[in-house]
Amino acid sequence: MSGTTTQPVPRPRTRSWWGWGWADAHPDDAECAAMGALLPGTLARPLPVPRVGDLNIAKPAVEPPASLAHLVDTDPRQRAAHAMGKAYRDVVRALRGRPGRIPDLVARPADDQEVADLLDWAGERQVAVVPYGGGSSVSGGVEYRGDAHRAVLSLDLTAMGRVLEVDTVGRAARIQAGTLGPSLEDQLRPHGLTLRHFPQSFEFSTLGGWLATRAGGHYATGRTHIDDFVQSLRVITPAGTSASWRLPASGAGPSPDRLFLGSEGALGVITEAWVRLQERPAHKASASLSFTDFRAALEAVRALAQSDLSPANCRLLDSGEAALSGAAHDGSAVLVLGFESADGPVTSRLEQAVGLARSHGGRPGSASPARDGDAAVSAWRSAFLRMPYLRDGLARMGAVAETFETAATWDRIPALIEAVREEVGEAALKASGHPATVNCRLTHVYPDGAAPYFTVLAAGRPGDEVAFWDDLKAVASDVLHRHRATITHHHAVGRDHRPGYDRQRPDPFALALRAAKGALDPRGILNPGVLVD
């Protein structure tokens, strides 16, 4: 008997509405319980995965006009998925059934005119508009807090996801703001070009989100922030459209692009940008070195940053971070190095970097031109991608598992790191009765300073996790302010970092920013509470 065999059609993956990334990639109950067992004071069993059907979602407070109705979604799951970002406090609120104010409407415009029409309607009806890309915010940047507006519209830009134009001569492209990272790279690949901007959220974030938050990419030196790639921006505001000229450089007064970079949708909606591209790298090499003395490792990293070697990756993990990622288990700090180029081999630069680090006490692992040739490098890379899912698993156990980052000049770095470890650890012990783990790694390095990135693991106070983390974050923010370290290096201000940002920025600048907000958004509908009141 003959016949044909049909292959099962794979089911499309779905995003988690309450936690990080893909819904099918989260730890199961057994893995959550195993992680929780390592932290005394956590729950006996994991909190259940939250369901949208258990939320009290009210009917929309407004209805769009017929001319805009085709752009608007009122489905409860879509509204819940757009209610918050993906910070620890967001995940915990979803687990506890307290996600905050859920937007009344989710709109997906496909072009600039539809964005403008939605803003006009929202202004007339006093509807708050929260621009939304991939929803990966970890600082409260895509949620509405308060009750000053009649309704809330989440403005999802992912329908605007195309590379519109590629200039292969000038190595640049005009790209819509709603383009997700993987799609952006897929559309550039046939041209042999890359944006080469890879934040940890790359898979789940958009070009517009990177621009609006001044995001930092994976690479540790050279062009690290998205700012460095921008040639021009197109922004739709309630007061009109701002479209800067595409230029390689300009000295014509204050830059209009700098006004909107990092503005988090409070001044306008970024809809497209011309960005600088690079040829795709063909040559790569990586290595790791271990250090018994963390201070010596800091000196090694500073020497590398002040050299002309420009490693693509130059990440220093303290002993706790190295153990957590599997890069080392002997109490050593680990330096992960990587080089890449489109023009020629990079092994000689890697060898020079390894030699420089050895002169500061580093013990090399294995150097290899293969992507995963070094065991420590491979372990770190895997942990880097998996960590947000594990954080959500620990949250289900009532634990605190969260990160924050900063940047400071080299003369302040050692004391800053020591103070954060000590004071945040003491605050956690006092508040919960259980010791906390406070780890540190350097993610980005500059000739004049570095960006320390801290991980906090603590038993927390089950049932009161959000307040507990807010207390720890307040202690950390005080330490950063005292050491003149920025409240955020690349995760944006949002609402969670607003108190620290208010203390950091100069008063005359705050005055100018409020004036810009009043001029561009006179009805105060754009992402209220972000950056300015």
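- When side chains are defined from C-beta on, Asp29 counts as touching Arg396, because their heavy atoms get closer than 4.5 Å.
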### Message
Working note: Arg421 + Asp318, criterion side chain to side chain contact (heavy atoms under 4.5 Å, CB included); need CA distance, chi angles, decisive distance, verdict.
### Response
CA-CA 11 Å; Arg421 286 173 176 159; Asp318 71 5; 2.9 Å; yes
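- Proximity of a side-chain donor or acceptor of Glu272 to a complementary backbone N or O of Arg234 within less than 3.5 Å is not detected.
- Residues Leu317 and Ser325 are in side-chain contact: their nearest non-hydrogen atoms beyond the backbone lie under 4.5 Å apart.
- By the neighbour-count criterion of 12 heavy atoms within 6.0 Å, atom CG of Asp147 is sparsely surrounded, having that number or fewer from other residues, nucleotides or ligands.
- Under a 3.5 Å cut-off, the side chain of Arg441 and the backbone N or O of Arg315 do not form any donor-acceptor pair.
- A cation-pi arrangement is found for Arg223 relative to Phe229, the charged atom lying closer than 6.0 Å to the ring centre and inside a 45° cone about the ring normal.
- Note: Trp469 and Phe404 have tilted aromatic rings, judged against thresholds of 30 and 60 degrees for the angle between ring planes.
- Side-chain contact, Asp156 with Thr158: a donor N or O sits under 3.5 Å from an acceptor N or O.
- A donor-acceptor pair under 3.5 Å is formed between the side chain of Asp104 and the backbone N or O of Ala61.
- For Glu426 (side chain) and Val424 (main-chain N/O), no donor-acceptor pair under 3.5 Å exists by modelled atom type.
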### Task
Take His434 and Leu39 through the side chain to side chain contact (heavy atoms under 4.5 Å, CB included) test and state the conclusion after the steps.
CA-CA 9 Å; His434 298 283; Leu39 284 174; over 6 Å; no
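- Looking at heavy atoms from C-beta onward, Lys473 lies out of side-chain contact with Tyr88 at the 4.5 angstrom threshold.
- Aromatic ring centres of His491 and His497 lie farther apart than the 6.0 Å criterion allows.
- Between the side chain of Arg495 and the backbone N or O of Gly140 there is at least one donor-acceptor pair closer than 3.5 Å.
- Without hydrogens or angle criteria, Glu185 side chain to Leu195 main chain gives a donor-acceptor distance under 3.5 Å.
- The aromatic ring centres of Phe204 and Trp22 sit less than 6.0 Å apart.
- Thr271 and Gln176 form no side-chain donor-acceptor contact under 3.5 Å, judged by distance and modelled atom types alone.
- Between the side chain of Tyr132 and the backbone N or O of Val106, no donor-acceptor pair lies under 3.5 Å.
- The side chain to side chain contact (heavy atoms under 4.5 Å, CB included) test with Val269 singles out one residue from Asp112, Leu157, Leu118, Val235, and that residue is Leu157.
- Between the side chain of Gln504 and the backbone N or O of Ile487, at least one donor-acceptor pair lies under 3.5 Å.
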